[in-house]
Visitor: 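Quick one: structure below, then a few questions.
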Amino acid sequence: MLWLHIHFPLLALESAFIADTRPIPKLLLQPGAQKVMQCNEQAEQLGVRTGMNKKTAFCLLSDCAISDYDANTEQQSLQQLALICYRQAAQIAPVEPQGLLLEVSSMLPLFNGLQDYLQRLKKRLDQCGFSYTLSTGHTPACAKLLAEAGIELHSESENSHRQALLQLSINQLNLPEGICRKLAGMGIHTYQQLSELPRKELGYRFGYDLVNQLNKLEQDNQKLTSFTLPERFQQTVHLSYDAEQARGLIFPLRRILPSLEAYLYSRQLACEKLLIKLEHRDGRASLISVASVKGSYRQQDWLALISTRLDQTRLISPVISLTLRAKSFVALKSYAKDILGSRHTAADKDRLQSLLVARLDETQVKTLKTVADPRPEVASQLQLSHSQSTDYLNRQWPSLLLPCPKPIQMKHYEILSGPERIEGGWWDATPVRRDYYIARKGVQLCWLFRRDDGQWFLHGYFS
Amino acid sequence: MSLLETLTEQGRIWTARHWQQTVIPAVSSQYAKLDEYLPGHGWPIGAITEVLFCSTGQGELRLLLPALAQLSQQDDRWQLWLNPPFIPCAPSLTNWGFNTQRVILAQTHNANDSCHCLEKSLQTNGCQAVVAWLGKFDKALMRRLQLAAESAHVPVFLLRSSKFEHQPSVAALRLLMGEHGRIDILKRRAGWPVSNIELNLPLHGNKGN
């Protein structure tokens with residue numbers, strides 16, 4: 001079997017600063033311990049090292065961003081990365097705190113060899129913006145050690161993995177510190193030297209843990225706790241700054257959308273509604289909901305809708321964190337593509353509708369509804385754009401109707417034709433009996449009616 | 001091909017003798033008499049047509065309805081009607097030959113919203129025609145709209161009050177429905193302005209029964 005381990009060396013740091021793209025030194029501090037846990041390249045160039053005292057680090061840096069280590073954030077990012085890789089692995093297991101293990105051999109027949117497989121996987125990972133090293137291995141433990149040591153070996157042969165392992169030093173084997181020291185004291189510095197020693201004697205001297213660990217490197221019989229898709233999608237981003245403009249929230253959201261797409265696609269679902277919960281600096285919370293008419297899974301669609309929505313939003317106060325939740329799932333429907341590659345698809349049509357709703361609000365976007373009824377105001381109605389129910393009625397009425405008939409003075413109008421009697425509604429509360437006339441007022445052609453009591457009304461325009 | 005030929009072919013310049021031969025994509029207005037005057041023999045596709053009128057009920061919509069009705073039967077994209085002043089009457093549109101399920105109505109509150117909606121709608125490729133009742137609309141917004149219409153390749157109709165007659169406009173075709181009930185073409189591609197076209201606009205569509 002072939003395994004692939006992806007190691008994310010700066011996972012905690014990068015997820016803590018997910019919404020902060022400033023190229024300045026960034027430090028992740030271990031809470032309580034006053035030590036630098038992770039630092040980025042910029043900090044390293046200025047001399048900061050992992051494990052360094054916090055105060056020493058501050059002396060080296062003039063300007064830097066700091067954050068405390070948060071295991072939850074790190075774990076959530078790892079889950080997000082597992083989602084991204086989900087489509088490309090039969091079995092996938094998060095190796096906490098900062099690795100993912102993928103079973104590769106069963107996937108290779110579906111791709112053009114290992115290089116092609118890795119290329120596609122890297123393309124996905126690059127979208128997320130986390131730094132990573134990945135290495136194959138004939139056992140999970142071997143892949144993990146190679147990836148963590150930064151040796152990016154991409155090979156299908158067992159032999160080359162064994163060769164690569166031999167070059168590792170004792171310190172790179174993840175052994176307990178005490179054992180490392182003892183081995184060094186005995187003059188054993190590399191895995192090669194260690195592997196040549198008789199196992200039984202090693203066990204006698206160092207305990208069976210060491211032997212087990214060495215066996216794991218060579219034998220492939222581990223059980224995986226496989227990653228399964230969660231039932232719902234929810235992700236939180238803590239901003240390392242205060243976002244004062246609604247538009248400023250697009251960037252952190254853009255980081256979440258790829259995993260939303262991966263999640264929805266993996267479950268073959270489309271989502272009709274996203275809820276974005278904002279937590280504000282002053283402790284209040286607010287909710288923004290974004291809807292897509294027929295549901296969508298594609299991140300571009302959602303990005304367009306979200307940015308339209310955010311353009312319309314005014315923040316009540318600066319935002320410090322946001323949570324994206326997907327709601328109302330529907331089965332993913334594939335839009336049929338025209339065999340001739342016709343330019344317009346049903347998806348375009350739905351996108352238009354969603355965009356209008358996102359910009360103007362649901363109540364401002366309507367479609368026409370016909371009800372088979374003699375009364376014009378009942379027969380011709382407007383409905384919310386997502387409901388499409390309509391009868392068939394064909395009448396020689398004017399093209400525009402007033403929302404409600406307007407009483408008029410008859411002397412301004414000149415009658416051209418009529419009357420046409422419209423009577424109905426005795427079966428409900430608003431019966432009408434009217435005589436309709438077509439009349440002229442200047443250049444306007446109007447539709448008037450006279451009620452039984454002689455009062456004239458204007459009801460429409462032959463626009 | 002020389003610049004001159006390209007421009008001639010697109011109908012941006014024309015020779016006095018051959019002006020009727022320029023090829024301009026258009027959809028027939030279904031009024032034979034009007035088509036004769038319109039470049040490309042119909043409403044231009046991928047360009048803005050501006051219809052200026054004095055008051056609602058003058059026939060400004062009836063002028064467009066036959067062409068719009070035909071478009072609504074052609075494919076299943078939306079026909080966007082933006083800011084109609086009153087409620088479009090579905091049974092009447094059916095009478096004009098409309099597929100009323102294709103019409104989507106949107107109401108906006110300001111010119112920015114209108115422009116955004118029109119532009120986005122045209123960009124999504126999800127609409128077959130646009131009819132918008134617009135008030136004041138500044139030059140920059142109009143220019144954006146013009147570009148969107150060009151790339152979407154659909155007819156865009158703007159219905160506006162005749163008080164905007166003397167405002168410069170980027171519309172490819174401008175018509176004025178005057179107080180006297182006749183139509184003036186204020187501006188068209190590949191042709192001169194024409195005035196006093198008498199056109200008999202029927203009150204009803206008389207279709208679909």
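By convention in this document, chain letters (A, B, ...) are assigned in the order of the sequence lines, proteins followed by strands, and residues within each chain are numbered from 1. Just so you know, these numbers use all the heavy atoms, side chains as well, and skip hydrogens, waters and symmetry mates.
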Visitor: Checking the side chain of Q444(A) only, and the main-chain atoms of R440(A) only, is there a donor and an acceptor separated by less than 3.5 Å?
Guide: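 No, because the side chain of Q444(A) does not come within donor-acceptor range (under 3.5 Å) of the backbone of R440(A).
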Visitor: Please determine, among L360(A), D361(A), V357(A), V365(A), the option with the most heavy-atom pairs under 4.5 Å with chain B.
Guide: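 Looking at each option in turn, the highest pair count goes to L360(A).
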Visitor: Tell me, for L382(A) versus chain B, whether the close heavy atoms (under 4.5 Å) come from the side chain, the backbone, both or neither.
Guide: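 Side chain of L382(A) only, per the 4.5 Å heavy-atom cut-off to chain B.
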Visitor: Under 4.5 Å from any heavy atom of chain A, what part of L65(B) do you find: side chain, backbone, both or neither?
Guide: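 The answer is the side chain of L65(B).
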Visitor: Relative to the ring of F449(A), is the ring of Y436(A) parallel (under 30°), tilted (30 to 60°) or perpendicular (over 60°)?
Guide: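 If you compare the ring of Y436(A) with that of F449(A), the planes turn out tilted.
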Visitor: Is L355(A) close to chain B through its backbone or its side chain, or both, or neither, when contacts mean heavy atoms under 4.5 Å?
Guide: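 The side chain, not the backbone.
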Visitor: Answer with side chain, backbone, both or neither: which region of P376(A) has an atom nearer than 4.5 Å to a non-hydrogen atom of chain B?
Guide: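 Neither part.
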Visitor: Quick check on L402(A) against chain B: is it the side chain, the backbone, both or neither that has a heavy atom closer than 4.5 Å?
Guide: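 Both backbone and side chain.
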Visitor: Side chain from CB out, backbone as N, CA, C, O: work out which of these in L159(B) comes under 4.5 Å of a heavy atom of chain A, or both, or neither.
Guide: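 Nothing of L159(B), per the 4.5 Å heavy-atom cut-off to chain A.
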Visitor: Side chain from CB out, backbone as N, CA, C, O: work out which of these in Q381(A) comes under 4.5 Å of a heavy atom of chain B, or both, or neither.
Guide: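 Looking at Q381(A), nothing touches chain B.
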Visitor: Mind ranking G460(A), A379(A), P398(A), P403(A) by heavy-atom pairs under 4.5 Å with chain B and telling me who comes out on top?
Guide: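 Going by pairs under 4.5 Å, I would pick P398(A).
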Visitor: Indicate yes or no: does E50(B) engage R160(B) in a salt bridge with an N to O separation below 4.0 Å.
Guide: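 Here E50(B) pairs with R160(B) in a salt bridge, since their nearest N and O are under 4.0 Å apart.
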Visitor: So does E179(B) have more than 12 non-hydrogen atoms from other groups sitting under 6.0 Å from CD?
Guide: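 Not buried by this count: 12 neighbours or fewer within 6.0 Å.
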Visitor: Below 4.5 Å from any heavy atom of chain B, which atoms of T363(A) appear? Answer side chain, backbone, both or neither.
Guide: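 Contact with chain B involves no heavy atom of T363(A) at all.
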Visitor: Scan side-chain atoms only and decide if T108(B) and R359(A) contain a donor-acceptor pair under the 3.5 Å cut-off.
Guide: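 The answer is no; no qualifying pair exists.
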